[in-house]
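To start, the structure under review is shown below, and the notes come after it.
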Amino acid sequence: MKTIKQIADDLGVSKQAVRNEIAKQKLQSTLQKNGNQFLADEKAEKLIKSAFSERKNVKEKGQVAGNTNANLPETLFTAQKRIIELETTLKLKDANEKEKIEIYNQEIKRLDEALKEKSEQIAQLHKLIDQEQQLRMVTEQKLLLLEEQKEDEGLHPEEEKKGFFRRIFGS
């Protein structure tokens, strides 16, 4: 069993190229993990190496035959197709990002409005508290005045209270 790096070194390609080939041939299930490395069994290794050797043979045949690439139109078509796929993917991502931004902006506006409403409620509550304190102060002042008046009446009693008959018949 060999690691992906060892296979890539044997073939003279990058590890990413080997990974892409593994994904293309759907050989991920045949890989075994050893620590942080993936090991390919002999069968998977042969399939990967055969795919790369076929590509190499096709390239060499195209170059030997008068430097005309028989696969050039197919390669261009594949490249154009891939470009279109990538552009579509980017457009979808941009659209998703724009939707997310719009949703976030709407949420920010909603929260700003809620914050303004709460600020107004707080201001109204402060106003009511001030009014209540003023009313309480006025009430306390009136109570003090009444208490003072009662004390004054108790200290300086006017004439004795006349009874009913004294007021009528005098005396």
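All values below were derived from every heavy atom in this structure, side-chain atoms included, with hydrogens, water molecules and symmetry-related copies excluded. Residue indices begin at 1 and follow the sequence shown.
- The salt bridge (charged side-chain N to carboxylate O under 4.0 Å, His left out) analysis of residues 93-109, with sequence neighbours excluded, yields the pairs Glu107-Arg110.
- Residues His126 and Ile122 have side chains in contact (heavy-atom distance under 4.5 Å, counting atoms from C-beta outward).
- The CG atom of Leu135 sits 10.5 Å away from the CG atom of Leu128 when rounded to the nearest 0.5 Å.
- A 4.5 Å side-chain heavy-atom check between Lys2 and Asp10 finds at least one atom pair inside the cut-off.
- In this structure, the separation between NZ on Lys24 and CD1 on Ile22 is 13.0 Å, given to the nearest 0.5 Å.
- Scanning all heavy atoms of the two residues, the minimum distance from Thr30 to Leu27 falls at OG1-O, 2.6 Å.
- Distance check: Glu147 CD to Glu140 CD gives 10.5 Å after rounding to the nearest 0.5 Å.
- A heavy-atom distance below 4.5 Å is not found between the side chains of Glu113 and Glu117.
- Looking only at atom types and distance, the side chain of Asn20 has a donor-acceptor partner in the side chain of Gln16 under 3.5 Å away.
- Annotation: side chain of Leu39 is not in contact with side chain of Leu31 (no heavy-atom distance under 4.5 Å).
- Between Leu11 and Phe52, the shortest heavy-atom contact is CD1-CD1, 3.4 Å.
- Glu21 and Gln25 share a donor-acceptor pair across their side chains, judged by distance under 3.5 Å alone.
- With respect to Lys142, the side chain to side chain contact (heavy atoms under 4.5 Å, CB included) criterion is satisfied by exactly one of Thr139, Val138, Leu145: Val138.
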Determine, stepwise, if the pair Thr88 / Glu85 fulfils side-chain contact (heavy atoms from CB on, under 4.5 Å). CA-CA 5 Å; Thr88 304; Glu85 289 173 359; 5.7 Å; no
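- Counting only distance, with no hydrogens or angles, the side chain of Asp41 and the backbone of Ala44 share a donor-acceptor pair below 3.5 Å.
- Here the closest non-hydrogen pair linking Glu42 and Met1 is OE2-N, 4.4 Å.
- Within 6.0 Å of NZ on Lys49 lie more than 12 heavy atoms contributed by other residues, nucleotides or ligands.
- Under the 4.5 Å side-chain criterion, counting only non-hydrogen atoms from C-beta, Gln6 is not in contact with Asp9.
- Note: Lys127 NZ to Glu132 CD = 15.5 Å, rounded to the nearest 0.5 Å.
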Glu45 vs Ile48, test: side-chain contact (heavy atoms from CB on, under 4.5 Å). Steps then yes/no. CA-CA 5 Å; Glu45 181 184 349; Ile48 294 166; 5.8 Å; no
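- Considering only heavy atoms from C-beta on, Ile4 stays 4.5 Å or farther from Gln37 through its side chain.
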